[in-house]
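Report on the structure given below.
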Amino acid sequence: MKTSVHLSRSNGYRELGMFDESILELEEIEGEDRWHPSVVEARYKTYCDAKEWELAMTMARVLAEGMPDKLEWLKNQADAMTECGDSAGALQLLKDASERFGEDGKYLLAVGRQYSLLCQIEEAKKYLKRAFKIDKSLRTEFLDDPAFD
């Protein structure tokens, strides 16, 4: 069966809240497609929806390492670490990537978010101001994120 069919079925199960079935559908994929980025992403989404944060973190790490220039997966890994109770580790993970993403507004917002979760408000403000200066549209994301309450 084609990988695309397995992905479609897995997504359907995930949307129905049938997380075990979603993962089992992905387990049916054979060969090198088993670790194709779209399959790993499907695993990540299922684990997030199931609130299986350690497994989600592992999938995000696989994608972040495989695509080191994609900020999305670094942020997803940091978010999963935070859900696992390691906000300090998530902040360090993000700060270690400052050379790659240091002037990206979404990166700065993510760092500010981690500082906020660690109750280091002055540091959070510094990063948020820089983020908003680069991209004013991030204010909406900021206002919608309960981490900044």
Side-chain angles (χ1 to χ4, degrees), residues 1-121 123-124 127-128 131 135 137-149:
M1 188 178 306
K2 284 188 162 191
T3 299
S4 60
V5 173
H6 288 293
L7 286 169
S8 180
R9 288 179 177 180
S10 173
N11 186 53
Y13 284 130
R14 181 179 60 82
E15 289 178 355
L16 292 170
M18 301 170 70
F19 306 122
D20 290 339
E21 290 82 355
S22 177
I23 293 298
L24 287 173
E25 189 65 41
L26 296 172
E27 290 294 320
E28 296 290 321
I29 298 171
E30 297 178 355
E32 60 189 49
D33 281 352
R34 188 175 183 85
W35 291 102
H36 187 276
S38 61
V39 176
V40 178
E41 181 177 359
R43 288 177 185 278
Y44 169 79
K45 288 178 179 179
T46 300
Y47 290 139
C48 282
D49 288 355
K51 300 194 181 338
E52 294 287 341
W53 298 113
E54 288 185 22
L55 294 169
M57 181 176 54
T58 301
M59 295 299 108
R61 181 177 33 245
V62 167
L63 288 166
E65 289 172 359
M67 297 182 275
D69 294 330
K70 297 274 187 174
L71 175 60
E72 172 189 6
W73 292 109
L74 180 70
K75 284 178 38 187
N76 289 343
Q77 184 182 354
D79 289 344
M81 289 175 78
T82 298
E83 292 292 340
C84 288
D86 189 9
S87 290
L91 175 61
Q92 189 59 53
L93 176 75
L94 290 169
K95 287 178 76 177
D96 288 347
S98 66
E99 285 188 28
R100 286 183 285 158
F101 303 111
E103 295 307 313
D104 184 306
K106 289 183 182 255
Y107 167 79
L108 295 169
L109 181 70
V111 174
R113 181 179 191 275
Q114 292 304 320
Y115 274 119
S116 180
L117 290 170
L118 292 167
C119 297
Q120 296 181 25
I121 304 306
E123 283 298 313
Y127 280 90
L128 294 172
D135 184 352
S137 71
L138 293 173
R139 291 175 190 252
T140 304
E141 194 172 327
F142 164 77
L143 291 171
D144 291 341
D145 191 333
F148 295 111
D149 291 348

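To the nearest 0.5 Å, atom CG of residue Asp20 and atom OG1 of residue Thr46 are 10.0 Å apart. Here OG of Ser10 is found 11.5 Å from CE of Met18. Values are rounded to the nearest 0.5 Å. Atom NZ of Lys75 sits about 9.5 Å away from atom CG of Leu94, to the nearest 0.5 Å. Summarising the geometry, atom SG belonging to Cys48 is positioned 10.5 Å from atom CG belonging to Leu55; distances are rounded to the nearest 0.5 Å.
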Passes side-chain contact (heavy atoms from CB on, under 4.5 Å), Ile23 versus Tyr47? Steps please. CA-CA 9 Å; Ile23 293 298; Tyr47 290 139; 3.7 Å; yes
Does Leu109 form a side-chain contact (heavy atoms from CB on, under 4.5 Å) with Phe148? I'd like the steps, not just the answer. CA-CA 11 Å; Leu109 181 70; Phe148 295 111; 4.1 Å; yes
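Contact of the Arg9 side chain with the Leu26 side chain is not registered, since no non-hydrogen atoms from C-beta on lie closer than 4.5 Å. By the 4.5 Å heavy-atom criterion applied to side chains, Gln114 and Thr82 are counted as neighbours. A heavy-atom distance below 4.5 Å is found between the side chains of Arg113 and Asp145. In this structure, Leu91 and Val111 have side chains that are in contact, with non-hydrogen atoms separated by less than 4.5 Å. Residues Glu54 and Thr58 fail the side-chain proximity criterion, which asks for heavy atoms closer than 4.5 Å. A 4.5 Å side-chain heavy-atom check between Lys106 and Glu141 finds at least one atom pair inside the cut-off.
Within a 6.0 Å radius of CD in Gln120, more than 12 heavy atoms belonging to other residues, nucleotides or ligands are found. Few gaps surround OH on Tyr107; more than 12 heavy atoms of other groups in view lie less than 6.0 Å from it.
In summary, Arg43 and Glu27 engage in a salt bridge, as defined by a charged side-chain N under 4.0 Å from a carboxylate O.
Relative orientation of the Trp73 and Tyr44 rings is perpendicular, given thresholds of 30° and 60° on the angle between their planes.
Across every non-hydrogen atom of Gly105 and Ala131, the tightest pair is O-CB, 3.5 Å. Between Arg34 and Val39, the shortest heavy-atom contact is O-CG1, 3.3 Å. Closest of all the heavy-atom pairs between Leu93 and Met81 is CD2-SD, 3.8 Å.
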